[in-house]
Amino acid sequence: MRPDLLPLSRAQRLALTVTSFLFLVIATMALGPLIAGSGWWWLCAFIAAGTLFSGFGLRSIRTPPSLVPVLELVVLLLLLTLLFGGGTSIALIVPTADTFETFGELMAGAQRTIEQQSVPAIPVPPLTFALAVGIGLLAVIVDILVQTARVPALAAAPALVPILIPGFIIEAGAEVPTLVLTAAAYLLLLRVDVRVRRRARLAAGEEGDQAATVIAPKRVPIVSTLGASLGLAAVGLLAASVLAASTPSVSTSLLLGSPSQGTLFARGVSPFIDLGRDLRRPEPLPAFHYLARDGDRPYFTLLTLDQFEGEVWSPTERAVDGDNTVDQMPRPDGLSSAVETSEHPIDVVVDEVRTTWLPVPYPTARIEGLEGSWFWDDGALTVRSVDTNTGGQSYRVTRLEVEPTPQQLRNADRDPGEELASFLVLPDEMPAIIAETAAALTASARSPYDAAVAIQAYLRGSEFDYSTEAPVADGYDGGGFDVIARFLETKAGYCVHFASTMAVLARESGIPSRISIGYTQGSPTDQRVDGVQRVEVDSHDLHAWPELYFEGVGWVPFEPTPGRGTVPGYSRPNAGEEGAPPLASAPPTGPGSTGRPDLDPDRGLAGPVTDPIATAAQLWIRGGVVALVVAVLLLVPALFRLSQRQTRIRRIRRGERPADAAWDEFAATALDLGAGGTGGETPREYAARLTRREAFDDARARAAVVRLRDAVERERYGPAGAGTAGAAASGALVDDLATARAALLADAAGAERARALLMPHSLVDGVRRVLGGRAASGA
């Protein structure tokens with residue numbers, strides 16, 4: 001079936017554009033279950049509106065149909081530049097080479113965020129960029145099908161794209177209300193198209209030089225088109241529902257990603273604590289370096305593991321919370337105001353480690369200077385990204401140093417509470433040596449804290465050796481309970497074995513525990529930056545350590561691995577208690593054994609610095625962009641109206657029914673200025689009514705209206721060719737139109753002129769007529 005390519009008026013084009021826009025943005029709502037919030041939808045609606053209505057504007061100025069889709073793509077590019085190009089563009093909308101580089105980075109980030117995020121995903125900039133590109137391309141396709149090819153029924157195909165995507169991600173697929181609304185919008189599009197076709201045929205028949213024919217009424221009965229439209233809409237709804245329901249769910253946890261990734265870090269550790277490979281490297285690989293102005297030497301946490309299933313430790317799967325931004329992080333769980341705390345800034349520069357988890361001390365108060373979207377996890381306060389990684393990052397982390405006393409730890413409540421029950425879970429069956437060791441070490445402990453100190457001191461005792469080779473040679477590498485049992489027998493291993501053993505012994509003793517994966521303090525260098533010593537951290541500093549929970553203090557790190565890191569002062573035997581019986585012995589852990597100084601000589605030299613000028617400039621730029629977008633949206637009707645006026649003037653000069661074009665523009669101006677439409681009046685009646693206004697007391701203005709009236713009457717009701725005008729006559733019509741419009745403008749108040757500019761009523765009236773209302777211009 002060949003498409004109907006009858007010429008359409010601007011009002012008819014506008015009606016099709018509006019319904020195409022509604023159909024597309026309603027279909028886009030199907031992505032709602034996959035993406036958090038609604039801001040992304042408003043962005044998609046803005047992109048769709050800019051693309052589709054630009055096509056309407058281009059057709060209004062008679063752009064060749066083959067060029068319209070190309071120019072719509074150009075408009076899409078300008079909109080993407082405005083919203084995502086930032087400072088790389090010229091005048092905010094003209095892209096440069098740097099803009100396309102930024103777009104490439106955003107697309108790469110979109111791929112990463114799709115792989116890394118769970119549902120509902122946070123609409124970070126790379127993801128919203130991908131959505132904007134997708135909806136813009138779908139808008140161009142819909143516009144081609146509806147306006148150029150004139151086959152709007154096929155517009156259901158691009159609209160099915162956002163409808164079908166949820167079926168690949170979540171079990172339920174697209175929501176039924178969205179499918180119903182999409183079907184209703186599709187029905188509206190088909191109905192408007194039918195009415196537009198009918199009116200276009202009627203107009204073509206009236207203007208032709210054919211013999212007398214019987215013409216159907218201009219108000220097409222609803223029943224004549226409703227049945228076919230409902231049938232097509234029902235078919236579309238049924239197809240969408242069946243496809244959405246039958247499409248299998250690929251993943252219930254990751255957005256178009258794989259639930260298992262080979263390694264957590266490109267140059268780091270795997271989710272199963274496979275640190276030995278990195279620790280056994282002959283040459284260490286640089287990870288990051290930092291400057292601690294207060295001389296801090298903290299551990300840097302990447303990932304916290306809290307689930308123990310007997311064979312491996314693993315983190316609890318949590319969806320990223322978009323409200324958990326790192327500019328302000330909460331106090332750690334369980335920490336009371338009675339415990340002394342202090343904040344210390346640390347400047348970190350990442351060298352070669354590539355991971356979606358950020359190395360930060362636990363706990364951290366805030367982080368500044370990161371590129372990309374980063375969020376903290378509840379409880380663990382670990383920080384991860386959904387659209388980038390640590391590569392090339394340079395940031396300032398404000399560490400919250402917690403300094404509990406042994407007495408505060410000793411006085412902690414022995415009952416951890418139900419919310420911590422998951423941190424006490426152990427397999428039902430474990431080797432007997434684990435329970436026996438825990439019972440022997442904690443038999444004389446007066447509190448959970450004393451039991452923890454005893455376990456740490458035992459593992460750091462002279463019976464145990466630090467070795468990265470023995471577990472591999474003897475076949476017990478890893479962190480499962482069989483490995484722990486073998487480790488307690490052989491007493492040789494590295495941080496994974498010491499940390500997992502202490503965590504399991506603590507749980508066996510009733511102390512909630514978890515394991516942190518990250519880096520030790522690193523090695524100080526001779527280099528100084530602004531007087532602050534630079535500390536290097538490499539792959540040999542990868543480490544695992546246990547954290548135990550004490551009510552009122554929260555999660556407290558321990559160091560059971562001999563020869564590694566630093567033992568916290570509160571966890572040493574006899575700490576804070578004179579005459580308390582020693583529970584076990586431990587080797588010395590001062591600077592001589594670790595190679596790490598406890599205090600930087602430049603302690604407290606400086607604090608955090610911000611750049612208020614740069615911040616203010618960013619606010620001005622963002623405010624200016626928002627103001628520009630609002631101004632553009634407000635001026636869209638004015639631009640359409642101006643285009644319409646210029647087109648009519650060109651018709652007058654070319655002699656294409658010039659009097660009709662001049663009269664239509666005069667009547668439209670009067671309608672915009674609140675003087676009323678023509679209704680059912682003839683040109684003579686309408687001219688008589690308008691010239692009674694005060695502005696037409698001027699004889700010149702009154703004569704101009706009379707000449708316009710006479711010309712349109714001759715053209716409409718006179719013999720064929722009566723309206724044909726030469727160049728001189730056309731020029732006179734343009735002058736009379738200008739005079740009459742000037743009189744109307746002079747007669748209107750300032751508010752009426754502003755309303756006529758920003759909200760021209762003649763455009764709305766034209767759309768109403770296309771959608772079935774009574775024509776306002778019957779003269």
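These numbers were taken from a predicted model, which means no experiment stands behind them.
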Keeping Asp538 on the side-chain end and His540 on the backbone end, is there a donor-acceptor pair under 3.5 Å? yes
Is there a side-chain contact between Phe288 and Ser394, using heavy atoms and a 4.5 Å cut-off? no
Would you say that Glu403 contacts Ser342 through its side chain, given a criterion of any heavy-atom pair below 4.5 Å between the two side chains? yes
Please step through ring pair (Phe, Tyr, Trp, His ring centres under 6.0 Å) for the pair Phe300 and Tyr362, ending with a clear verdict. CA-CA 7 Å; Phe300 288 82; Tyr362 177 86; over 10 Å; no
Output for pair (Arg396 CZ, Tyr290 OH), nearest 0.5 Å, gives 15.0 Å
Under a 4.5 Å cut-off applied to non-hydrogen side-chain atoms, are Phe375 and Thr325 in contact? yes
Note: Ala338 and Gln408 closest approach over all heavy atoms is O-NE2, 3.1 Å
Residue pairs meeting salt bridge (charged side-chain N to carboxylate O under 4.0 Å, His left out), one or both in residues 506-525, sequence neighbours left out, come to Arg514-Glu547
Please check this pair: side chain of Thr501 against backbone of Phe498, looking for a donor-acceptor N/O pair closer than 3.5 Å. no
Answer yes or no: is there a donor N or O on one side and an acceptor on the other, between the side chain of Glu536 and the main chain of Gly522, under 3.5 Å? no
Okay, side chain of Ser385, backbone of Ser373: is any donor-acceptor separation there less than 3.5 Å? yes
Check Arg366 with Glu343, please: is the shortest side-chain N to carboxylate O separation under 4.0 Å? yes
What class does the angle between the rings of His543 and Trp545 fall in, given that below 30° is parallel, 30 to 60° is tilted and above 60° is perpendicular? parallel
How would you list, by chain and number, every residue that makes a side-chain contact (heavy atoms from CB on, under 4.5 Å) with Ser509, sequence neighbours excluded? Ala438, Thr442, Ile455
Taking it one step at a time, do Thr301 and Thr382 satisfy side-chain contact (heavy atoms from CB on, under 4.5 Å)? CA-CA 7 Å; Thr301 302; Thr382 50; 4.0 Å; yes
Worked check of side-chain contact (heavy atoms from CB on, under 4.5 Å) between Val535 and Leu291: CA-CA 6 Å; Val535 182; Leu291 306 173; over 6 Å; no
Nearest 0.5 Å please: distance from the CZ atom of Phe550 over to the OG atom of Ser447. 7.5 Å
Could you tell me whether the side chain of Trp555 reaches within less than 4.5 Å of the side chain of Leu548, counting heavy atoms only? no
How far does OG of Ser444 sit from CG of Asp450, to the nearest 0.5 angstrom? 8.5 Å
Partner of Thr316 by side-chain hydrogen bond (donor to acceptor under 3.5 Å, both in side chains), out of Asp306, Thr304, Asp377: Asp306
Exam field: side chain Asn389 to backbone Gly391, donor-acceptor pair closer than 3.5 Å: yes
State, with a plain yes or no, whether a side-chain heavy atom of Leu358 is found less than 4.5 Å away from one of Leu302. no
Using the side-chain contact (heavy atoms from CB on, under 4.5 Å) rule, take Trp376 and Ile367 through it: C-alpha gap first, then chi angles, then the decisive distance, then the call. CA-CA 10 Å; Trp376 51 267; Ile367 307 173; over 6 Å; no
So, do Tyr299 and Glu559 sit near enough that their side-chain heavy atoms are less than 4.5 Å apart? yes
Please check if the side chain of Gln456 supplies one atom and the backbone of Val453 the other of a donor-acceptor pair under 3.5 Å. no
So which heavy atom on Pro332 is nearest to which on Leu400, and how close? CD-CD2, 3.9 Å
Are Pro406 and Leu409 close enough that some pair of their side-chain heavy atoms sits under 4.5 Å apart? no
Distance col, row Ser500:OG vs Leu305:CG, nearest 0.5 angstrom, shows 10.5 Å
Drop me the distance from Glu551's CD to Asp333's CG, to the nearest 0.5 angstrom. 9.5 Å
Looking at Arg293 and Asp347, is there a salt bridge between them, counting it only when a charged N and a carboxylate O are closer than 4.0 Å? yes
Modelled atom types, side-chain donor and acceptor of Glu371 and Thr388, under 3.5 Å: no
For this output row, return yes or no: ring centroids of Tyr449 and Tyr570 closer than 6.0 angstrom. no
Does Thr355 offer a backbone N or O that forms a donor-acceptor pair with the side chain of Thr390 under 3.5 Å? yes
Has the side chain of Arg460 got a donor or acceptor atom that lies under 3.5 Å from a matching backbone atom of Thr561? yes
Asp465 and Ser467: side-chain donor and acceptor closer than 3.5 Å? no
Would you mind reporting whether Ile434 and Thr437 have side-chain heavy atoms less than 4.5 Å apart? no
Modelled atom types, side-chain donor and acceptor of His344 and Arg399, under 3.5 Å: no
Nearest heavy atoms of Pro363 and Leu381, plus distance in Å: CB-CD1, 4.2 Å
In terms of side-chain geometry, is the basic nitrogen of Glu489 or Lys491 positioned less than 4.0 Å from the acidic oxygen of its partner? no
Where the side chain of Asp296 meets the backbone of Ala292, is there a donor-acceptor pair that is under 3.5 Å apart? no
Check for a donor-acceptor pair, side chain of Arg528 on one end and backbone N or O of Asp526 on the other, with a separation under 3.5 Å. no
Leu370 and Val326: side-chain contact (heavy atoms from CB on, under 4.5 Å), yes or no, with the steps? CA-CA 9 Å; Leu370 286 170; Val326 296; 4.1 Å; yes
Considering all heavy atoms, the nearest Trp374-Thr356 contact: CZ3-O, 3.4 Å
List the atom of Val553, the atom of Leu335, and the distance in Å for their closest heavy-atom pair. O-CD1, 3.5 Å
To the nearest 0.5 Å, what is the distance between CZ on Arg486 and CD1 on Ile433? 11.0 Å
Correct closest heavy-atom pair for Ala445 and Ala451 would be CB-N, 3.6 Å
